[in-house]
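The chains referred to below are lettered A, B, ... by the order of the sequence lines, with proteins before strands, and numbering in each begins at 1.
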Amino acid sequence: MYPPVSSSVKFPEIEREILAYWKQSRIFEQSLQKSAREMVFYDGPPFPTGTPHFGTIFVSILKDALARYFTMAGYSVPRRWGWDCHGLPIENAVEKKLGIGDKSQIEKQLGVAAFNNECRKLVADCNTAWESYINKIGRWVDYAHAYRTLDLPYMESVLWVFKQCYDQGLIYKDYRVTPYCYHCETSLSFSDIRESDSTRPRQDPEVIVRFKALDAVAGKPTWYLAWTTTPWTLISNLVLAVGADFSYAAVEHEGAVYIMAEALVPKWAKLFGGKPHVVKTFVGSELVARRYEPIFPYYRDLAKENYFRILAADFVTLDDGVGVVHCAPAFGEDDYWLCKRNGLGVRNPVDAKGCFTAEIPEFAGQNVHAANKDVIRALKANGALMHHSTIEHNYPHCWRCRTPLIYRAMDAWYFAVDKIKDRLLKHNEEINWVPEHVKHGRFGKWLEGARDWNISRSRYWGTPIPVWECEAAGCGQRRVLGSLAEIKDAAGAVDTAGAADAAGRELTDLHKEFLDEVVLKCPVCGKPMRRVPEVLDCWFESGAMPFGQCHYPFENKEWFESHFPADFIVEYPGQIRCWFYYLHVLAVALLDRAAFKNCLVHGTLLAEDGGKISKSKKNFTDPMELIDRYGADALRLYLLGSPAVVMEDLDFKNAGVHDQIKQVLLPLWNAFSFFVTYANVDQYAGDPARQPESTHALDQWILAKLYRAEQEVGQAFKTFYLNRSLTPVTAFIEDLTNWYIRQSRARFWGGGLTTDKRQAYDTLYYALVTLLKMLAPSAPFVADYLYRQLTGEASVHLAAWPKVPEQYRNDALIEETGVAQTIVSLGLALRQKAGLRVRQPLPGIQVALPSSVDSGVVARQMDIIRNELNVKTVTLLADPGAVATLRATPNARVLGPKWGRAVQAIIKAAKAGQLREQGDKIIVFEGPQEWAIDRQDIDLSYQGKDGMDVLGDKGVLLALDKTLTPALREEGIANELNRIIQDLRKTAGYAVSDRIELTIEGELDPAWCKHLLQLALAESAELGEAQADATSRETIEGRAFRVSIRKKKEA
RNA sequence: GGGCGUGUAGCUCAGUUGGUUAGAGCGCGUCCCUGAUAAGGACGAGGUCCCUGGUUCGACUCCAGGCACGCCCA
């Protein structure tokens, strides 16, 4: 016996029950033990701050569905959680908590050790919120053995990775311009300014200034104009840049001459009193090497050394500004490289806090952004200012502290990505990206343009850069230590006072406060060597995750080798330039191969209105609330079936979740309920190991559908296009419930377990069990709940992915049933048009089929068609021409190559019906032209004539005979009465098998009365209304009836 | 400004090497409770496949150019 099925089902309750069961029976752990073959998955570590948001939940569902599929497909899929514990986000949260506004407070007052301890505490505190979220959506993942980037073994592996790269010459220190946050007092990499909200609108001054030219034009005082939104950088101006191919105009105004791009003169006509007077034009290259006077005096001396000249540069555009770009090589990347190429250096009068140094007495101590005002005042005072206004533009901000960034030249450590670019590109070819355009699109393009990576941060909470430099001026000795043992050995040899504490001691922590204590002795000059102050970019650490998570190469060498690269990884598009990229860079650098074989990039969930999901706007429902309302399965089905799986955006709609219940879960539940109801009546017990062998066409049809569905679903999972896995499942459920079960009901009704009934049970059971397996990765709760009841096995998630045998494949039967379904559809439409309910039997239908369809279909599908349409006969139309016109559909695919240019005329004529048969050929004609077409190359069918009582679709034509004989009318009335009786039974609350007494009052053929008694399991009785359990009075076809029923007393 | 992607029914989306009647779900309209299912079923209406040009016997599909939107980058 199967447990009885409740008709009102509450999915969230089932899910809670299943979660408890999984935990108690350790199903996840068992699933990992199933196979010796492993599918390697790397989990991208999230920051442990805050709570999971919609995006995190989505990616978790994707990872879970894939892992469950591969588990069923015969792999063990260990899923180890990870935490990205280091980096600026954590540091900033701690700064906020402690009210720290300045790095000096950390270094001088609090101390690095205390600060890092706070970071450590914060990271530990935040970890707890995640587990219940992840658990509730049904994600199986190993929390207990999560790797953490702050753990000693992990950090040691990171040191090792660093050293490997260093030894290969891939890491170097350089003084150059990088994005810089003067609050965090650190440089940032380009990945740090990737966050979508890091580039935000900001109001800045917009000024045009003039530089005095040393070459006068037309004998008048001559000036170069330049435009900037960072007036503070004018203090450090060293050169001007022009586009070599642009045309520049000399504009005369009030006795002076101004040079700017000709194309932009009209835009800035107001500078010249509205009427610019161009006296001469130059090509940009003519201006190159001309000299000018600096506006500010601080670097005036450099004029002797080739500074304050005009250079040509390709970054000059005519989009905004005046076509002459002012360059301060300390504060602009383009400026820096331009000067460097031209052998010019850098002058940087701005300190780490973003304030001018004493080198600039007038502005010393002023923050650069704050100084803009005074700089502009000074420009005005010395006559350089030509224009001043304010513009709002997008400007990069620090992704955590929101301070506007500046670009600033400074010392930093770089990874020479450029050196390995060829190999990065080569190994990208080995990666299967989903969607595939990422390979040569966003990722490939990013690799092509890859620049050296700034891997150092002037911060505290991260893996320290393991480089020691001799403090003696000019010595230049450097050592890189890549393991605890190396550090211990090196430190042990030190005899300076500063190193006494650390000498020879085993470190138990590699954070900055410990490693900075390690001082080495310079092998050349004997002076102390101290560690450089920077820590590593936390992307270096997460990129080193394949090594760090298993403490490679210090431990688990074999394990590592069998778990690299990953078989698949899954993250959002932001990681294309971050985690995916850094994993790839480090793997290629160290092992000369890609770090992952398959990479699924999913899309972004947006709010219902298409806007960004925003906690402050509250434009979305908390996913946990949706799970409480509809269940996690519904949420999963909605997301997994959406194009957001493959990097598209999805406007998330709560109704979409609800739809899954209506379209997938409830029909599934009802099919299950149907099976259980009858199986219990017949004492049928399904055997999961048995494959049905049925001679019944319906069974063969649903098995053929099942075969086809599995092909599609399996393919979808195998190729990582998960969103394609659900359409076939939904379609199958539709086929199962609205055709197979609907047509098969009568087979389950009779008494006893006949051969046909057993075949029906076997088929339905097999279909249900297989369906649940296909649904298990996506809807793991309800699939397991039903599967366990059907099979008595421990879990669907321990079952093997179904292999529907090839022998069930039957494309012809699917085709043929499709024709029957079309016929039924047409019949129902004709009935509806004529206002004839299905309950009223009709004499018959006549069918015309297109020439491409075997007319044997009608005979083979006869019973179903008659039953569905409630007609007595189904025949082929003797003379379709009477009610329909002949339609010809040439097979263009075949005729095209055969007939070439003529094919269009043939198609046109054939469609117009200009054809006749001649032997085994069809002659198509147009005027005097005739073409003889092979019969199999043209499909003949009929289209109903207007006004005739026929309908056609897909070449099938149907005519309905609506003649109502008295006998048919009588049968229709009987059917109505039967409906009334069944309705009464149901409302009276009888069981299906209860026997009753029945009274029918009214005019009806006694034969039909007898039939109704049989159908209703009834004996005729003379029941007054008072004696009856229920009574109905109705008038049918003008005849008044009274029907009363009473449950028969048990004998 | 550049790169990538997208544009198909009111909405969300499918659409097989190019083949002449472009599909589904939701929504909408009409109808229907014959013992699994009203959190259901049937039927129907609804399309300039973004635009322009090209290639081709034939283009939603391929190519070029434009437009719109999204993401990424300058």
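For a distance-only test at 3.5 Å, the side chain of A:Arg837 fails to qualify as a donor-acceptor partner of the base of B:rC31. The base of B:rG35 sits within donor-acceptor range of the side chain of A:Arg985, with an N or O pair under 3.5 Å. Between the side chain of A:Gln904 and the base of B:rU20, a donor-acceptor pair under 3.5 Å is found.
In this structure, the nucleotide among B:rA36, B:rU34, B:rU20 sitting nearest to the side chain of A:Gln982 is B:rU34. With B:rC13, B:rA74, B:rC4 as the choices, the nucleotide that has an atom nearest any side-chain atom of A:Pro643 turns out to be B:rC13. For A:Glu648, the side-chain atoms get nearest to B:rU6 when compared with the rest of B:rU34, B:rG19, B:rU6. The nucleotide whose nearest atom lies closest to any side-chain atom of A:Lys653 is, among B:rC11, B:rA42, B:rU37, B:rC11. Side-chain proximity of A:Arg442 to B:rC4, B:rG15, B:rA36: nearest is B:rC4.
Going from atom CD of A:Gln840 over to atom C1' of B:rU34 covers 14 Å, rounded to whole Å. One can place CG of A:Leu665 at 18 Å from P of B:rU37, the figure rounded to the nearest angstrom. Put simply, CG on A:Leu668 is 13 Å from C1' on B:rA36, counting in whole angstrom units. Spacing between atom CG of A:Leu1017 and atom P of B:rU34 amounts to 18 Å, rounded to whole angstrom units. Atom pair A:Ile576:CD1 and B:rG5:C1' shows a separation of 11 Å (rounding to whole Å applied). One can place CD1 of A:Ile907 at 13 Å from C1' of B:rA59, the figure rounded to the nearest angstrom. Residue A:Gln663 contributes atom CD, which lies 20 Å from atom P of B:rU37 at whole-angstrom precision. Between the OH atom of A:Tyr678 and the C1' atom of B:rU37 there is a distance of 12 Å, given to the nearest Å.
You'll find the side chain of A:Thr889 stays beyond 4.5 Å of the side chain of A:Leu940, heavy atoms only. Contact check for A:Leu264 versus A:Phe246: no side-chain heavy atoms found under the 4.5 Å cut-off.
Listed pair A:Lys612 / B:rG70 fails the phosphate criterion, with no side-chain N or O lying under 4.0 Å from OP1 or OP2. Checking the phosphate oxygens (OP1, OP2) of B:rC4, a side-chain nitrogen or oxygen of A:Lys445 falls inside 4.0 Å. Contact annotation: A:Arg745 reaches the phosphate of B:rA36 (side-chain N/O to OP1 or OP2, under 4.0 Å). Applying the 4.0 Å criterion to OP1 and OP2 of B:rC43, one finds that A:Ser825 has a side-chain N or O inside that range. OP1 or OP2 of B:rU34 has not a single side-chain nitrogen or oxygen of A:Trp749 nearer than 4.0 Å. In terms of phosphate contacts, A:Arg893 brings a side-chain nitrogen or oxygen within less than 4.0 Å of OP1 or OP2 of B:rG19.
Under the Watson-Crick or G-U wobble criterion, with both distances below 3.5 Å, B:rG35 is left unpaired in every strand shown. Base-pair partner of B:rC28: B:rG44 (Watson-Crick or G-U wobble, both distances under 3.5 Å). Using the Watson-Crick or G-U wobble rule with both distances under 3.5 Å, B:rG70 pairs with B:rC4. The base-pairing partner of B:rU16, taking Watson-Crick or G-U wobble contacts with both distances under 3.5 Å, does not exist among the strands shown. The nucleotide B:rA22 finds no pairing partner, because no Watson-Crick or G-U wobble arrangement with both distances shorter than 3.5 Å includes it. Pair assignment for B:rA64 gives B:rU52, based on Watson-Crick or G-U wobble hydrogen-bonding distances that are each under 3.5 Å.
As judged by a 4.0 angstrom heavy-atom cut-off over every strand, A:Arg839 is placed among the base-contacting residues. Heavy atoms of A:Phe748 sit nowhere under 4.0 angstrom from any nucleic acid atom. Residue-level contact check: A:Arg979 touches the backbone only, with heavy atoms under 4.0 Å from sugar-phosphate atoms and none from bases. Within the nucleic acid shown, A:Tyr990 comes within 4.0 Å of at least one base atom, counting heavy atoms only. Counting any heavy atom pair closer than 4.0 Å across all strands shown, A:Asn978 reaches a base atom. When heavy atoms are screened at a 4.0 angstrom cut-off, A:Asn738 is found touching the sugar-phosphate backbone but no base atom. In this structure, A:Leu828 reaches the sugar-phosphate backbone alone: every heavy-atom distance under 4.0 Å involves primed, P, OP1 or OP2 atoms, never a base. Contacts of A:Trp899 with the nucleic acid, taken as non-hydrogen atoms under 4.0 Å apart, are absent. Contacts of A:Thr677 with the nucleic acid, taken as non-hydrogen atoms under 4.0 Å apart, are absent.
Taking atom C1' in both B:rC26 and B:rC69, the straight-line distance is 23 Å, to the nearest Å. Atom P of B:rC13 sits at a distance of 10 Å from the matching atom of B:rG7, rounded to the whole Å. Using atom C1' as the reference point in both B:rC62 and B:rC73, the two lie 30 Å apart (nearest Å). Separating the C1' atom of B:rA24 from that of B:rG47 is a span of 15 Å, rounded to the nearest Å. The separation of B:rG46 from B:rG10, taken at their P atoms, amounts to 11 Å, rounded to a whole angstrom. Atom name P, nucleotides B:rC63 and B:rG23: the rounded distance is 25 Å, in whole Å. Atom C1' of B:rG58 sits at a distance of 32 Å from the matching atom of B:rC4, rounded to the whole Å. Comparing the P positions of B:rU30 and B:rC49 gives a spacing of 30 Å, expressed to the nearest Å.
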N/O donor-acceptor pairs under 3.5 Å from side chains in residues 891-898 of chain A, not counting sequence neighbours:
{"from": "A:Asn891", "atom 1": "OD1", "to": "A:Arg893", "atom 2": "N", "distance (Å)": "3.2"}
{"from": "A:Lys898", "atom 1": "NZ", "to": "A:Asp934", "atom 2": "OD2", "distance (Å)": "3.3"}
{"from": "A:Lys898", "atom 1": "NZ", "to": "A:Asp937", "atom 2": "OD2", "distance (Å)": "2.6"}

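Side chains of A:Tyr630 and A:Asn654: a donor-acceptor N/O pair is absent below 3.5 angstrom, by distance only.
Side-chain N or O atoms of A:Asn978 include none that pairs as donor or acceptor with a backbone N or O of A:Leu1012 at under 3.5 Å.
Ion pairing of A:Asp1029 with A:Lys1047 is absent here, as no side-chain N (NZ or NE/NH1/NH2) approaches a carboxylate O to less than 4.0 Å.
Both A:Val894 and A:Pro667 sit near RNA chain B, but only A:Val894 has its closest nucleotide nearer the 5' end. For A:Lys911 and A:Ala902, each mapped to the nucleotide of RNA chain B holding its nearest heavy atom, the one lying further toward the 5' end belongs to A:Lys911.
Heavy atoms only, all atoms of each residue included: A:Leu626 and A:Phe652 are closest at CD1-CE2, 3.5 Å.
Between A:Tyr581 and A:Phe443, the ring planes are perpendicular. Angles over 60° get that label, and only those under 30° would be called parallel. Relative orientation of the A:Tyr765 and A:Tyr2 rings is tilted, given thresholds of 30° and 60° on the angle between their planes.
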Candidate pair A:Ile933 and A:Leu915, rule side-chain contact (heavy atoms from CB on, under 4.5 Å), full reasoning:
CA-CA 10 Å; A:Ile933 312 289; A:Leu915 70 165; over 6 Å; no

